[in-house]
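Structure record follows, encoded as structure tokens.
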There are 2 protein chains.
Amino acid sequence: MTDTATPGRALPHPDRAEIRLEAVLHALSDPMRLGIVRELAAAEAELSCSHFDVPVTKSTTTHHFRVLRESGVIRQVYRGTAKMNALRRDDLDGLFPGLLDSLLAAADRQSVRLGDAG
Amino acid sequence: MTDTATPGRALPHPDRAEIRLEAVLHALSDPMRLGIVRELAAAEAELSCSHFDVPVTKSTTTHHFRVLRESGVIRQVYRGTAKMNALRRDDLDGLFPGLLDSLLAAADRQSVRLGDAG
DNA sequence: CTCGTAGTACGAGGGTTATCGTACGAGTCG
DNA sequence: CGACTCGTACGATAACCCTCGTACTACGAG
């Protein structure tokens, strides 16, 4: 594990056992957050907050990432000045086998169906 | 088809093509609505609104059923004085294959994990 | 140390949601 | 018809959520 995480700046995450399905669904019911999660899943890697091209201000972006983190969907860690984001795939798959893949597939399908760029 | 539906009291439903994943997820992110959907799925049959033992008033119950209907999760039809509710399994499976089952399985798992009566 | 970049904290505005109570409408049963 | 049950409509209230702007902190580069 690349422990390049900046020390002394830990962020609160729910334990796996504290993750609630309702919270996950709520987190993913926002188009912006769903888009972030889709991109994160496609990348299969950590991405910084600023990597995402979202049509809102930095404040709002911070808010959405916090919702995703506090619902247990993503894990966030500071590396230098950047804050890296990664899907909590292991935890989600462990709690809800198949759910994340179904959700991502559903999002992809809808994207194709609606002719979105994504 | 059991066309015992009361005529002249049609309820507005979204077409299959109008169903949005975000709306579905939002609808299911409420514990009460998720519970209703789970019960509906387990019953594999139409259930009246009053069948459900929810800890809220009738007004609030009406509200939650409307959210489920307008998001495309359930289909509602009047039969006499009762309003029957059924999952839109065909439409949801057609749009998002596997999603509904994953969601229901996830809800069941969490219910067991948390020791709910569900 | 200074500057720039990445992101946070806080507060406010505006919209949506969950809940309720009361009054009402539609069917059914006597 | 009259009474009863099921569910709706409407208004109110309180909470929540998305968004923003501004002021701020943390880190890295020079």
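A note on names: the letters A, B, ... follow the listed sequences, proteins ahead of strands, and every chain is numbered from 1.
- Taking atom CZ of A:Phe52 as the reference point, atom P of C:dA6 lies 15 Å away to the nearest angstrom.
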Shorter than 3.5 Å, N or O on both sides, protein versus nucleotides 9-16 of chain D: list them out with atom names.
unit_1	atom_1	unit_2	atom_2	d
D:dA9	N6	B:Ser59	OG	3.1

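- For A:Arg79, no side-chain nitrogen or oxygen approaches OP1 or OP2 of D:dC27 to under 4.0 Å.
- Distances were taken from every side-chain heavy atom of B:Thr60 (C-beta onward) to each of D:dT19, C:dA18, C:dC20; the shortest belongs to C:dC20.
- Nearest-nucleotide positions on DNA chain D for A:Gly80 and B:Ser50 put B:Ser50 closer to the 5' end.
- The CG-P distance, from A:Leu34 to D:dC18, rounds to 13 Å in whole Å.
- Spacing between atom CD of B:Glu70 and atom C1' of C:dA18 amounts to 15 Å, rounded to whole angstrom units.
- Separating the CG atom of A:Leu68 from the P atom of D:dC17 is a distance of 13 Å, rounded to the nearest angstrom.
- For the pair A:Tyr78 OH and C:dG7 P, the interatomic distance rounds to 9 Å; values are reported in whole Å.
- Atom P of nucleotide D:dG21 and atom NE2 of A:His63 are separated by 16 Å, given to the nearest angstrom.
- More than 12 non-hydrogen atoms from other residues, nucleotides or ligands lie less than 6.0 angstrom from CD of A:Glu18.
- Each of A:Thr81 and A:Lys58 lies near DNA chain D, and the nucleotide nearest A:Lys58 is the one positioned closer to the 5' end.
- Residue A:His64 is in sugar-phosphate contact alone, with no base atom involved, counting any heavy-atom pair closer than 4.0 Å across all strands shown.
- Counting only heavy atoms from C-beta outward, the side chains of B:Val73 and B:Arg33 never approach each other to under 4.5 Å.
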- request: Walk me through it: do A:Ile19 and A:Val24 pass the test side chain to side chain contact (heavy atoms under 4.5 Å, CB included)?
  value: CA-CA 8 Å; A:Ile19 296 177; A:Val24 171; 3.7 Å; yes
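- Look at CE on B:Met84: it is 21 Å from P on C:dA26, rounded to the nearest Å.
- Residue pairs that meet the ring pair (Phe, Tyr, Trp, His ring centres under 6.0 Å) test with at least one member in residues 33-56 of chain A, sequence neighbours left out, are A:Phe52-A:Phe65.
- Between the CG atom of B:Leu87 and the CD atom of B:Glu44 there is a distance of 9.5 Å, given to the nearest 0.5 Å.
- Taking side-chain N and O atoms only, A:Thr57 has a distance below 4.0 Å to OP1 or OP2 of D:dC20.
- Judged as a salt bridge (Lys or Arg N to Asp or Glu O under 4.0 Å), and not counting sequence neighbours, the contacts of A:Asp91 are A:Arg16, A:Arg75, A:Arg88.
- For the pair B:Leu68/B:Gln76, no side-chain contact is recorded, criterion being any heavy-atom separation below 4.5 Å from C-beta on.
- Spacing between atom CD of B:Gln76 and atom C1' of C:dA26 amounts to 16 Å, rounded to whole angstrom units.
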